[in-house]
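The chain is numbered in sequence order, starting from 1.
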Amino acid sequence: MKVNNDYDFSLPIASLLRAGTSEAHEAAENSQGGVRLVKGELNKEEYVYFLMMLWHVYDELERGLETHASYPTLQTTYNPTLLARTQSLSQDISYLLGVPEGEWQMHPSHSSLMASPPKPFVDYTTRLRDLSGSSDPSRLLAHAYVRYLGDMSGGQFIRRRIAKAYDLDLDRGYGIQFYDFKKLDSSESANMGDLKKIKEWYRDGMNTGIGDDVALKAAVLEEANDAFKLNAGIFELLGGPEGRVDRPQQPAVSEPKQSKAPYEPILVSFGGLISVAMTVGLAHFVLMGTGSASGNCALRGVEYWLRSLLSAAQ
């Protein structure tokens, strides 16, 4: 490919990506949907829909990384135990929908997504699938860089906003497992200092894997800018009613089931009760007739009952 001389390709790939993707990164962050996500302004239905799309993005990405785990440019940053997100996304989606983890893909909102997938979603997943099937999968590194380092950086701020927006417990982590990374050397959750170490490890691995190959650096830089644009396309689907794809016929998020009381009191007005009583009494009187003894007894019974009700109400 043609090398863009606007960039200093003598820089290691990690430094080159930081400088060379700044505009695309900023554009994605400042998209309407990106801003709504960061501010915690998405309703829960929209957020779950977003997570569903992300699950498919990560599924494609991580399948490709697994397939090419021993490829020289990818091997040095391949650590699914530390980085993989598909499982945590599945847990979050299930929790927010209130369904068992193995069943969320049968939920109406996911069925709607797959039946009529929006173009930005198709573009993103198709690109990852194409790269996974190519003879040189090095460009997958650009997508892993954009997603994983983004989740460890701005994603941590989003985590707190999401927890506040949907009343989730930050300590327990249910519904926000996606943003939880473990430490490099243990299974404990990473704090901001630990995340910084992970990002440094990742950048060092990128620099080692790509080396000094200028053409390879140019290809990864180009792909990283495209990755930010693909993410921006997903964000645009979260831009409110104008940007939102067609919603499923049923709500995407099931409200928690409330336990029912043994009985539910029915409130009626006293006037309504009197009306019903008079109607019943009159109907019975008509049916029984005025000339029969049983009819007259029934009428006197109704009159006595009504007087008793009126006296009790005074």
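Minimum interatomic distance between Ser132 and Gly64 (heavy atoms only, all atoms of both residues): OG-CA, 3.2 Å. For the pair Met152 and Lys199, the tightest heavy-atom approach, listed with the atom from each and the gap, is O-NZ, 4.0 Å. Nearest heavy-atom pair across Gly40 and Ala165 is O-CB, 3.5 Å. Taking every heavy atom of both residues into account, Gly20 and Tyr7 meet most closely at CA-CE2, 3.6 Å. Between Gly193 and Asn191, the shortest heavy-atom contact is N-OD1, 3.0 Å. In terms of heavy-atom proximity, Ile234 sits nearest to Phe121 at CD1-CA, 3.6 Å.
Side-chain N/O atoms of Thr86 and Glu62 include a donor and acceptor closer than 3.5 Å. Judged by distance alone, the side chains of Ser189 and Asp180 do bring a donor and an acceptor atom under 3.5 Å apart. Donor-acceptor pairing under 3.5 Å is lacking for the side chains of Asp136 and Ser134. Of the N and O atoms on the side chains of His25 and Glu29, at least one donor lies less than 3.5 Å from an acceptor on the other residue. Of the N and O atoms on the side chains of Asn231 and Tyr124, at least one donor lies less than 3.5 Å from an acceptor on the other residue.
Between Leu131 and the choices Thr126, Leu141, Leu140, the side chain to side chain contact (heavy atoms under 4.5 Å, CB included) rule is met once, by Leu140.
Note on Phe178: it clusters hydrophobically with Phe157, by side-chain heavy-atom contacts below 4.5 Å among ILVMFWY residues. Neither Tyr47 nor Val35 shares a network with the other; the hydrophobic side chains, linked directly or stepwise wherever heavy atoms of I, L, V, M, F, W or Y lie under 4.5 Å apart, form separate groups for each. The cluster map of Ile, Leu, Val, Met, Phe, Trp and Tyr, joined by side-chain heavy atoms under 4.5 Å apart, puts Met192 and Leu184 in the same cluster.
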Report task. Show your working on side-chain contact (heavy atoms from CB on, under 4.5 Å) between Glu222 and Arg139 and close with a plain yes or no. Result -> CA-CA 9 Å; Glu222 179 183 62; Arg139 286 175 177 250; 2.8 Å; yes
Query raised in the report: Does the pair Leu97 and Glu103 meet the rule for a side-chain contact (heavy atoms from CB on, under 4.5 Å), with working shown?
Result: CA-CA 10 Å; Leu97 288 175; Glu103 297 180 10; over 6 Å; no
Requested in this report: Show your reasoning for whether side-chain contact (heavy atoms from CB on, under 4.5 Å) applies to Met206 and Thr76.
Outcome: CA-CA 7 Å; Met206 291 176 66; Thr76 52; over 6 Å; no
Query - Steps toward side-chain contact (heavy atoms from CB on, under 4.5 Å) verdict (Phe181, Asp151) - result: CA-CA 9 Å; Phe181 288 82; Asp151 298 333; 3.9 Å; yes
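Atom CG of Leu42 is separated from atom CD1 of Ile162 by 6.0 Å, given to the nearest 0.5 angstrom. If you take NZ on Lys217 and OG on Ser15, they are separated by 9.0 Å, rounding to the nearest 0.5 Å. A distance of 11.5 Å separates CH2 of Trp55 from OG1 of Thr125, quoted to the nearest 0.5 Å. If you take CG on Asp92 and CG on Leu89, they are separated by 6.5 Å, rounding to the nearest 0.5 Å. The CZ atom of Arg85 sits 12.0 Å away from atom CG of Leu61, with the distance rounded to the nearest 0.5 Å. Taking OG1 of Thr73 as the reference point, atom CD1 of Ile13 lies at 10.5 Å (rounded to 0.5 Å).
Not one N or O on the side chain of Glu41 forms a donor-acceptor pair closer than 3.5 Å with the backbone of Leu37. The backbone N or O of Ala163 lies less than 3.5 Å from no partner atom in the side chain of Asp167, so there is not a single donor-acceptor pair. In this structure a side-chain-to-backbone donor-acceptor pair under 3.5 Å is missing from Ser112 to Pro108. Checking side-chain atoms of Asn207 against main-chain N and O of Ala14 turns up a donor-acceptor pair under 3.5 Å. The main-chain N or O of Gln177 is never found under 3.5 Å from a side-chain atom of Gln91 such that the two would form a donor-acceptor pair. Checked by atom type and distance alone, the side chain of Thr21 never pairs as donor or acceptor with a backbone atom of Ala24 at under 3.5 Å. Asp194 contributes no side-chain N or O that, together with a main-chain N or O of Lys183, makes up a donor-acceptor pair within less than 3.5 Å. A donor-acceptor pair under 3.5 Å is formed between the side chain of Ser153 and the backbone N or O of Leu149.
Between Trp104 and His56, the ring planes are perpendicular. Angles over 60° get that label, and only those under 30° would be called parallel.
Looking at heavy atoms from C-beta onward, Ile93 lies out of side-chain contact with His107 at the 4.5 angstrom threshold. Side-chain contact between Leu113 and Met53: present, with at least one pair of heavy atoms (C-beta onward) separated by less than 4.5 Å. In this structure, Leu96 and Tyr174 have side chains that are not in contact, with every pair of non-hydrogen atoms separated by 4.5 Å or more. Residues Thr77 and Tyr145 are not in side-chain contact: their nearest non-hydrogen atoms beyond the backbone lie 4.5 Å or more apart. The shortest side-chain heavy-atom distance between Ser138 and Leu216 falls under the 4.5 Å cut-off. In this structure the side chain of Ile176 never reaches within 4.5 angstrom of the side chain of Tyr166, judged on heavy atoms. By the 4.5 Å heavy-atom criterion applied to side chains, Phe9 and Asp212 are not counted as neighbours. With a 4.5 Å cut-off on side-chain heavy atoms, Ser109 and Met52 count as touching.
The pair Lys119-Asp123 counts as a salt bridge, with a side-chain nitrogen and a carboxylate oxygen less than 4.0 angstrom apart. A salt bridge links Arg36 with Glu46: the closest approach of a Lys/Arg side-chain nitrogen to an acidic carboxylate oxygen falls below 4.0 angstrom. With salt bridges taken as basic N to acidic carboxylate O contacts below 4.0 Å, none links Glu60 and Arg127.
Heavy-atom contacts from other residues, nucleotides or ligands closer than 6.0 Å to CZ of Arg63 number 12 or fewer. Under a cut-off of 6.0 angstrom, the local environment of NZ in Lys182 is crowded, with over 12 non-hydrogen atoms contributed by other residues, nucleotides or ligands. Gln75 CD: more than 12 foreign heavy atoms inside a 6.0 Å radius. The environment of CD in Glu101 is crowded: more than 12 heavy-atom neighbours from other residues, nucleotides or ligands sit within 6.0 Å.
Identified under the ring-ring contact (aromatic ring centres under 6.0 Å, His included) test for residues 64-84, with sequence neighbours left out: none.
Contacts of Tyr148 classified as ring-ring contact (aromatic ring centres under 6.0 Å, His included), with partners at least two apart in sequence or in another chain: Tyr58.
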